[in-house]
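A short worksheet on the structure shown next.
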2 protein chains.
Amino acid sequence: MEARIEKIKQQLQSQGYKLTLQREATLRVLLEHEADHLSAEDVFLLVKEKAPEIGLATVYRTLELLSELHVVEKLNFGDGVARYDLRNDNNQHHHHHLICIKCGSMDEVKEDWLLPLEEKLAVEYGFTVIDHRLDFQGICAACNKLE
Amino acid sequence: MEARIEKIKQQLQSQGYKLTLQREATLRVLLEHEADHLSAEDVFLLVKEKAPEIGLATVYRTLELLSELHVVEKLNFGDGVARYDLRNDNNQHHHHHLICIKCGSMDEVKEDWLLPLEEKLAVEYGFTVIDHRLDFQGICAACNKLE
DNA sequence: TTACTTGCAAATCATTTGCATCCAA
DNA sequence: TTGGATGCAAATGATTTGCAAGTAA
């Protein structure tokens with residue numbers, strides 16, 4: 001945890017940004033909730049527990065900044081709020097989402113199944129893939145059992 | 001065109017909805033711009049040319065309704081506006097998006113590359129896929145040439 | 001006739017911004 | 001010391017909603 005924060009601190013400083021108390025508190029919340037897909041509001045409420053003075057605007061600004069630095073990934077599941085996922089150490093994101101339309105649960109496939117497709121795009125379409133996003137909507141294993 | 005409208009009319013009526021002038025004008029705009037990814041505002045302006053009395057709220061309500069009926073697909077490319085795509089006749093959508101981060105163009109791959117993955121999900125995860133979404137961000141062929 | 005629809009304006013809700021003040025490096 | 005950062009409140013922009021009046025079936 002400390003190592004990851006240190007690393008991000010250096011990433012910030014190399015671009016002329018500062019690691020403020022608020023930014024560090026926000027990062028810690030993100031690290032502690034790595035499995036979730038928190039909205040800015042969610043992050044705000046959690047950070048408030050440690051740093052009550054923080055403002056919502058700061059959280060938005062921090063998340064936007066971390067997003068530009070590819071520390072977090074900004075996601076949109078179509079429910080009207082942006083959600084933020086911490087990326088792994090390489091700042092890569094190679095997982096896909098399984099969104100259950102019955103219970104609303106969201107699971108992840110932590111593998112990258114798209115490399116062959118990205119290859120195909122390069123060859124057949126001349127398109128260089130930098131990032132991708134793959135979500136599946138359907139019925140999760142638990143809900144399937146309930147039927 | 002008429003046939004598709006007739007079909008959608010029946011789909012509406014079978015659920016107790018009416019095909020009003022406004023809804024028909026909206027459908028015609030969507031049909032005429034099938035290749036685009038129009039926002040509600042875009043649709044509103046285009047419909048206004050044929051039916052000047054229409055209100056923006058009606059366009060939103062119509063698009064929402066058509067989305068529930070799976071006539072259109074509501075998309076979100078992360079630019080703060082929802083966009084709407086007409087689905088094909090089976091109400092299936094089997095295409096993927098190529099979004100260029102240089103020029104902002106959006107291309108489509110009109111094939112479904114995910115069937116093998118959906119099979120894998122069913123077997124390995126017990127997850128029944130109903131719908132999916134796949135977008136690639138990267139550099140398009142045209143921008144690649146300019147380099 | 002009678003639900004379902006509409007247009008309008010007002011309301012919501014997420015996100016952004018201006019600005020005076022603050023603080024990490 | 002000083003340019004980037006913050007908190008607050010106000011502004012913005014997309015989308016939704018209440019309501020009286022309109023209309024397709």
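Below, read A as the first sequence line, B as the second, and so on, with proteins coming before strands; counting in each chain starts at 1.
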The reported gap from OH in A/Tyr84 to OG1 in A/Thr62 (rounded to nearest 0.5 angstrom) is 10.5 Å
May I have the step-by-step check of side-chain contact (heavy atoms from CB on, under 4.5 Å) for A/Leu30 and A/Asp85, ending in yes or no?
CA-CA 8 Å; A/Leu30 291 171; A/Asp85 264 23; over 6 Å; no
Could you state the atom-to-atom distance from CD of B/Glu53 to P of C/dC8 in whole Å?
9 Å
First contact, last contact: which nucleotides of DNA chain D are these for chain B, 5' to 3', heavy-atom distance under 4.0 Å?
D/dA14 to D/dA25
Output the distance between atom CZ (A/Phe127) and atom SG (B/Cys143), rounded to the nearest 0.5 Å.
9.5 Å
Atom CD1 of B/Ile8 and atom CG of B/Leu31: how far apart are they, to the nearest 0.5 Å?
6.0 Å
Mind checking if A/Arg23 touches a base, just sugar-phosphate, or nothing, with heavy atoms under 4.0 Å?
sugar-phosphate
Nearest heavy-atom neighbours spanning A/Asn76 and A/Val81:
OD1-O, 4.4 Å
Euclidean distance, B/Lys145 NZ relative to B/Cys140 SG, rounded to 0.5 Å:
9.5 Å
Against B/Glu6, only a single residue in B/Lys9, B/Arg4, B/Gln10 fulfils side-chain hydrogen bond (donor to acceptor under 3.5 Å, both in side chains); can you say which?
B/Gln10
Should B/Asp135 and B/Leu98 be marked as a side-chain contact (heavy atoms from CB on, under 4.5 Å) after you check the CA-CA gap, both sets of side-chain angles, and the distance that decides it?
CA-CA 6 Å; B/Asp135 300 337; B/Leu98 303 181; over 6 Å; no
Pair B/His132-B/Glu118, side-chain donor/acceptor within less than 3.5 Å:
yes
Roughly how far, to the nearest 0.5 Å, is the CG atom of B/Leu27 from the CG atom of B/Leu19?
6.5 Å
B/Ala141 backbone acceptor or donor facing B/Asn144 side chain under 3.5 Å
no
Which of residues 26-33 of chain B have a heavy atom under 4.0 Å from DNA chain C?
none
Find the distance B/Glu68:CD to C/dT5:P and express it as a whole number of Å.
11 Å
Between C/dT15 atom C1' and B/Asp79 atom CG, what is the distance in whole Å?
14 Å
In this structure, how many angstroms lie between the P atom of C/dT5 and the CG atom of B/Leu66, rounded?
11 Å
Output yes when a side-chain donor or acceptor of B/Arg83 lies under 3.5 Å from a complementary backbone atom of B/His37, and no otherwise.
yes
Under a 3.5 Å cutoff, is there a donor and acceptor pairing between the side chains of A/Glu108 and A/His96?
no
With no hydrogens and no angle check, do the side chains of B/Gln11 and B/Gln15 hold a donor and an acceptor under 3.5 Å apart?
no
First of B/Lys9 and B/Tyr84 reached from the 5' end of DNA chain D, by closest nucleotide:
B/Tyr84
Compute the bend angle of the helix from C/dT1-D/dA25 to C/dA25-D/dT1 from the end axes (five pairs per end), rounded to 10°.
40°
Polar pairs (N or O, both sides) under 3.5 Å between protein and nucleotides 11-14 of chain C?
none

Where the side chain of B/Arg23 meets the backbone of B/Lys18, is there a donor-acceptor pair that is under 3.5 Å apart?
yes
Find the distance A/Gln13:CD to C/dC23:C1' and express it as a whole number of Å.
14 Å
Side-chain donor-acceptor pairs under 3.5 Å in residues 43-56 of chain B, sequence neighbours left out?
| unit_1 | atom_1 | unit_2 | atom_2 | d |
| --- | --- | --- | --- | --- |
| B/Lys50 | NZ | B/Glu32 | OE1 | 3.3 |
| B/Lys50 | NZ | B/Glu32 | OE2 | 2.8 |

What are the residues of residues 14-22 of chain B, sorted by number, that bring a heavy atom to within less than 4.0 Å of DNA chain C?
B/Gly16, B/Tyr17, B/Lys18, B/Thr20, B/Gln22
